[in-house]
2 protein chains.
Amino acid sequence: MKKKLTLKQIARELDVSVSTVSKALRDSAEISEDTRQKIKAFAKLYNYKPNNIALSLKNRKTKTIGVIIPEIVHHFFTTVISGIEQVANERGYHVIICMSNNSFDKEVINMELLANGSTDGFIISVAKETQQKQDYHHLNEVVNQGMPLVMFDRVIDEINCDKVIIDDTIGAKKAVQKLIDLGSKNIGIITTVDYVSVGKLRTEGYYKALRENNIEVNEDLILRVEDFDRSEEEIKAFLSQRKVDGLFAVNEHFAIYAIKAVQEQGLKVPEDVSVIGFTDGELSKQFMPSLTTVSQHGAEMGAQAARLLIRKLENTEMEEGPHQTIIIETGLVERNSTKH
Amino acid sequence: MKKKLTLKQIARELDVSVSTVSKALRDSAEISEDTRQKIKAFAKLYNYKPNNIALSLKNRKTKTIGVIIPEIVHHFFTTVISGIEQVANERGYHVIICMSNNSFDKEVINMELLANGSTDGFIISVAKETQQKQDYHHLNEVVNQGMPLVMFDRVIDEINCDKVIIDDTIGAKKAVQKLIDLGSKNIGIITTVDYVSVGKLRTEGYYKALRENNIEVNEDLILRVEDFDRSEEEIKAFLSQRKVDGLFAVNEHFAIYAIKAVQEQGLKVPEDVSVIGFTDGELSKQFMPSLTTVSQHGAEMGAQAARLLIRKLENTEMEEGPHQTIIIETGLVERNSTKH
DNA sequence: TACTGGTACGAAAACGTTTTCGTGTTGAAA
DNA sequence: TTTCAACACGAAAACGTTTTCGTACCAGTA
């Protein structure tokens, strides 16, 4: 159980000074070829690796980026993380992930923890509770400290920082337009309560598509799910009293529950009712019928977010530049829950 | 954009020494009530927070634990992470997650990176490639440095460390026994090639259950999937030429593909063929028919792993103690892919 | 008065690096 | 012989903490 080797130990062992060792290992011209070789050989033999913590302290940068997400057990977020990891690692950064579990308090605690030296910057998708409370002091604080911050997916307009979002509204509009093109006349939507920003935006897309096709909006065909844990029941109850031939759901689960409810009524998907979901997860692919969805390209979102952050991190000068918002296009993946 | 406040700045501002500030903030009795109040008030006003990096360097511990997993886009691993996060956060640790993407090289790089001061210990499930190559030098190195290491799920017997596993063999045996009890006579298994430790163990459970019931093993009913990316085709081809009335699959996806293949042949699940999977993910719950599975209790695995690691971290004395292996019991979740 | 002891604070070392700025030794030019 | 670079290395500061030790001051005691 030998502890890690330090410069000091090498110096003592080889009877030179710490500075000499450091310089030799960094190939400084100041050190003679001879000693340089000797030191490097020794370091290699005993597998010397510089201590990251000491480096971080010295350089005042950690080469790590902090990612804060509401929940990890969610396919979309894991794909985003994959994207972040990939570009971060390519550029020599590593990634710390913390979950807020959709709790405002945990989000604040995690951010404060990581902000005190552990990370150079943040990539975050805020907790539902934060959107609801509209308390953004922790985010502002980080920004004021001059720490780069990139928000993705669930972003907050009031915060001045880089953002990566998808065109929720357009994506939703495309989906609803698809339903219209397929001949659906009575199109329902299953969405969330309005304070969830993406839910709201997707609902807007629904409105827009209808309006653009001169279809009158029937508020009775809109379900705003209150309680995620009871969503299956809410959806079943809702559909049992409506007659629809097209359904747009703002996430994968709502879509699945909707299909099940429809099937229980003896109707067929997609023959009687076409269904389109949002977020392209494993479930959409494997479910039968497989689900037509608006795909979010999570990995690309993550990659873009990481790129934005790293650019800010490495542009120390001009870091006060204007903030960008990158919009990732959505795609429509057609599968078997819609007619062909 | 004010940079973070340091002890030194407070000291200068209040015209005392750095040591005084530090002591005052830590409520040392050495400092007079007066100055203590003054300093604390100032620190609070300007929201002073100690720099974690400096603390880590000083204390030679980082209060973070490194988690290395093969892939994150996998429901089982995300539940494990949830479990780890939860107990880690409770005890004041945070968690760094790195993915190996099932690549040996990336696993090595990530571990070396994190081992150089970034983390106090590791929780790891090794990459497939590592199991295949049987090259464990990076793991041994970490252990030799005296860094606590906990392995979970995909563990390596040769490494001497704490481990958290599930009773793969028993779990599989239970599942196959269930199929037998349900009256299946020709029970097939869809498993992985043998170097994946969990696949091998689950296959053993299959053998055991058959033997204990005096059923002759028919090697022709065993499919060892070679290529994950082509598993759907392999499974379809395999099943098209076998006649089975019971199927055990070592993971969720294999089970789903099996069901699809069976249904394509015009057979019904569970009436004609009963199917049981392994790993209880979203897919198992939502698929139709919903899937009877052996559940792995990922969150509990994670929690136990974190507990083991933290115990080692905090027991500096006696840290050479014997290593434990905790076995998490599996459960059998009965759903609609088996008869009732 | 001279000593003791307590109080309240500061100096400095330490953690492991990197980097700036000396400085002693050499060989060659003047 | 003296002077001056060039060379090869070391000392020390710095990053932000905590902690040990030292010490100035004062009051109380002998």
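Residue contacts shown for Thr35(A) are limited to sugar-phosphate atoms, with no base heavy atom under 4.0 Å away. Residue contacts shown for Ser19(B) include a base, since a base heavy atom lies under 4.0 Å away. Within the nucleic acid shown, Ser22(B) comes within 4.0 Å of at least one base atom, counting heavy atoms only. Nucleic acid contact class of Ser32(B) (heavy atoms, under 4.0 Å, all strands): sugar-phosphate only.
The CD-P distance, from Glu30(B) to dG10(C), rounds to 11 Å in whole Å. Between the NZ atom of Lys23(A) and the P atom of dT17(C) there is a distance of 16 Å, rounded to whole Å. Here dC15(C) presents its P atom at 15 Å from CD1 of Ile53(A), a figure rounded to the nearest Å. Taking atom NZ of Lys4(B) as the reference point, atom P of dT17(D) lies 9 Å away to the nearest angstrom. Following rounding to the nearest Å, Lys61(A) (NZ) and dT17(C) (P) show an atom-to-atom distance of 19 Å. Taking atom CD1 on Ile31(B) and atom C1' on dC9(C), their separation rounds to 6 Å, with Å as the unit. Taking atom CG of residue Leu25(A) and atom C1' of nucleotide dT19(C), one finds them 15 Å apart after rounding to whole Å. The CG atom of Asp15(A) sits 15 Å away from the C1' atom of dA8(D) (whole-angstrom rounding).
Shown here is Asp27(B), whose CG atom has more than 12 heavy atoms of other residues, nucleotides or ligands within 6.0 Å.
Closest to the side chain of Leu55(B), from the set dT17(C), dT17(D), dC9(C), is dT17(D). The side chain of Leu7(A) has dT17(C) as its nearest neighbour among dT17(C), dG10(C), dC9(D).
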Can you list the steps and then say if Gln9(A) with Glu13(A) is a side-chain hydrogen bond (donor to acceptor under 3.5 Å, both in side chains)?
-> CA-CA 6 Å; Gln9(A) 292 168 40; Glu13(A) 221 49 55; over 6 Å; no
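Asp153(B) pairs by the salt bridge (charged side-chain N to carboxylate O under 4.0 Å, His left out) definition with nothing, not counting sequence neighbours.
Between dC15(D) and Lys8(B), a contact under 4.0 Å exists linking OP1 or OP2 to a side-chain N or O. For the pair Ser17(B) and dC9(C), the criterion of a side-chain N or O lying under 4.0 Å from OP1 or OP2 is not met. OP1 or OP2 of dG16(D) has at least one side-chain nitrogen or oxygen of Arg60(A) nearer than 4.0 Å. The side chain of Tyr48(B) places no N or O atom within less than 4.0 Å of a non-bridging phosphate oxygen (OP1 or OP2) of dG16(D).
Annotation: of the two residues near DNA chain D, Arg26(B) and Leu57(B), the 5′-most nearest-nucleotide partner is Leu57(B). Of the two residues near DNA chain C, Lys58(B) and Asn51(A), the one whose nearest nucleotide lies more 5' is Lys58(B).
Between Asp162(A) and Lys312(A), at least one side-chain nitrogen of the basic residue sits less than 4.0 Å from a carboxylate oxygen of the acidic one, meeting the salt-bridge criterion.
Contact between Ile53(B) and Gly117(A) at its shortest, heavy atoms only, is CG1-O, 3.0 Å.
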